[in-house]
There are 2 protein chains.
Amino acid sequence: MPDDDRRAWETVLAHIETDLLEGRLRPGDRLPGERALAVELGVGRSSVREAIRVLEVLGLIRTATGSGPSAGAIIVALPGGGMSALMRLQMAARGFPVADVVKTRLVLEASVVTELAGAPNRPDLAGSEALLRAMESRELTEAEFLALDAQFHVSLAEASGNQVVTAMMAGLRSAIEGYARAGVPGLVSWPATSARLMLEHRAILAAVASTDAEAARLAVQSHISGYYAETHLT
Amino acid sequence: MPDDDRRAWETVLAHIETDLLEGRLRPGDRLPGERALAVELGVGRSSVREAIRVLEVLGLIRTATGSGPSAGAIIVALPGGGMSALMRLQMAARGFPVADVVKTRLVLEASVVTELAGAPNRPDLAGSEALLRAMESRELTEAEFLALDAQFHVSLAEASGNQVVTAMMAGLRSAIEGYARAGVPGLVSWPATSARLMLEHRAILAAVASTDAEAARLAVQSHISGYYAETHLT
DNA sequence: CTCACTGGTGTGGTCTGACCACAGTACATG
DNA sequence: CATGTACTGTGGTCAGACCACACCAGTGAG
């Protein structure tokens with residue numbers, strides 16, 4: 001076996017990936033128990049656990065204790081799961097400059113709203129609507145407001161149906177929240193800014209609803225870069 | 001301590017993330033040893049190892065055995081590291097449809113070449129050039145050719161300087177290679193297709209070099225969607 | 001007969017202790 | 001002064017032991 005040149009947990013990961021690729025494991029299935037997997041692959045249980053942990057953080061599986069059909073490690077493959085942790089930690093380690101995050105948002109979100117506006121079937125924007133109402137109806141702290149704001153942008157990506165873009169936006173979300181919150185002290189007036197943000201959100205939705213792709217694109221781009229410019233973040 | 005409601009490895013991860021955010025840890029630094037970290041946080045060494053493993057797969061650290069300054073867990077924060085593993089496994093678990101990957105490529109790469117063409121300083125495309133030469137100079141298998149092809153597209157993102165987009169493209173790379181290779185049997189003629197692909201690559205670079213952003217955008221989009229259409233992949 | 005309880009069983013979660021291979025370093029030795 | 005060897009500390013791995021948990025089957029009382 002060529003397993004000896006890899007680290008033990010890598011052989012476990014590779015084995016599971018192979019099972020996934022060849023259809024022996026599909027979403028909804030349960031992984032063998034940690035002890036069984038360890039015996040099967042000839043490694044220690046701790047090595048199996050390290051691989052399991054990686055899969056869990058990457059959003060591929062969900063683990064639960066106890067017994068019965070819902071216990072154990074279940075393949076879920078939820079798209080945004082791992083991307084979120086990844087972006088969050090990369091930002092923490094200064095791997096990703098804020099300016100690049102903003103630029104990437106501009107590109108991704110412009111494409112999202114363009115597609116939404118041009119969609120043949122009216123996309124379901126109920127989730128996005130609900131978030132806007134939540135932002136408008138209550139007195140929120142800045143952090144709460146910005147959290148909903150970021151979630152609104154992710155919800156647009158979800159509505160577009162593109163799972164890759166959705167995962168990327170979900171990953172970007174915490175990074176977005178982070179810089180948005182860091183920029184609040186640089187604002188002239190938070191009440192004024194938040195009021196403007198809410199109007200801009202409405203404008204974006206309205207443009208999408210009226211299938212005006214170009215207006216939607218411009219609205220979302222000025223929304224994003226406007227706030228970024230206003231916060232004077234480096 | 002509120003650590004008790006989380007799993008032990010999560011407290012380790014959170015602790016390291018906090019140190020990262022507050023500047024106590026920066027790229028290039030070494031993490032405390034696994035044993036020391038375990039004692040400090042009041043958890044077992046195996047829990048520390050699970051957190052370390054996650055950080056390693058996410059591309060945040062690099063581990064090495066032995067002793068001396070280069071041993072241990074060192075913070076590297078290499079951008080594309082984790083994204084690659086993430087996309088690869090998500091694709092394996094059928095979390096990401098091929099069509100969505102293609103659409104995302106269209107968006108990201110169009111933005112990349114547009115920015116390259118419009119850059120004030122002539123971007124450094126030597127790496128991309130070298131890849132093209134490698135593709136043209138030798139007799140390559142289909143898999144080798146497509147691997148270089150995918151790498152070429154990543155190199156364009158690198159040249160653009162946007163680290164977030166670069167990481168995303170690096171993550172998409174293996175997914176791209178995968179569907180590109182899977183589509184080869186559906187082609188009418190591989191020699192004809194590969195010849196066309198090489199011409200299109202040259203056209204993209206030429207458009208960028210002549211700072212014709214619109215031409216570059218169209219060239220890259222037709223390049224990507226053309227091949228995808230030709231392979232008849234679902 | 002029905003229902004509550006209670007043990008059994010198998011799951012992930014964690015800790016401990018032990019050993020290995022490795023690489024740098026300090027020290028003894030020529 | 002040069003060389004080599006033992007030491008030390010690192011990650012990598014394994015084995016075994018517990019725990020908490022959740023389901024499930026039996027068993028008891030009503």
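Every chain is numbered from 1 and lettered A, B, ... according to where its sequence line falls, protein lines coming before strand lines.
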Check: With A:V12, which of A:L41, A:L55, A:V54 fulfils side-chain contact (heavy atoms from CB on, under 4.5 Å)?
Finding: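 Of all the options given, the one that passes is A:L41.
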Check nucleotides 10-17 of chain C against the protein and report each pair of N or O atoms closer than 3.5 Å, with its distance, or say if there are none.
unit_1 : atom_1 : unit_2 : atom_2 : d
C:dG10 : N2     : A:G66  : O      : 3.0
C:dT11 : O4'    : A:G66  : O      : 3.4
C:dT11 : O2     : A:G66  : N      : 3.3
C:dT11 : O2     : A:G66  : O      : 3.4
C:dG12 : OP2    : A:E34  : N      : 3.2
C:dG12 : N7     : A:R35  : NH1    : 3.2
C:dG12 : O6     : A:R35  : NH2    : 3.1
C:dG13 : OP1    : A:T63  : OG1    : 3.2
C:dG13 : OP1    : B:R7   : NH1    : 2.3
C:dG13 : OP2    : A:R49  : NH1    : 3.2
C:dG13 : OP2    : A:R53  : NH2    : 3.1
C:dG13 : N7     : A:R45  : NH2    : 2.9
C:dG13 : O6     : A:R45  : NH1    : 3.1
C:dT14 : OP1    : B:A8   : N      : 2.2
C:dT14 : O4     : A:R45  : NH1    : 3.3
C:dC15 : OP2    : B:G44  : N      : 2.7
C:dC15 : OP2    : B:S47  : OG     : 2.7
C:dC15 : O5'    : B:G44  : N      : 3.3

Scan the side chains in residues 86-93 of chain B for donor-acceptor partners under 3.5 Å anywhere in the protein, sequence neighbours excluded, and list what turns up.
unit_1 : atom_1 : unit_2 : atom_2 : d
B:R88  : NH1    : A:E17  : OE1    : 2.6
B:R88  : NH1    : A:E17  : OE2    : 2.8
B:Q90  : NE2    : A:L58  : O      : 3.3
B:Q90  : NE2    : A:L78  : O      : 3.2

Inset, instruction - Evaluate the ring planes of B:F152 and B:H201, with Trp represented by its six-membered ring, and classify them as parallel (under 30°), tilted (30 to 60°) or perpendicular (over 60°). - result: tilted
- Item | Sidechain N-carboxylate O distance under 4.0 Å for A:E115, B:K103 |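 Looking at A:E115 and B:K103, the cut-off is met.
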Worksheet item: Is the closest basic N to carboxylate O distance between A:R62 and A:E56 below 4.0 Å?
Response: no
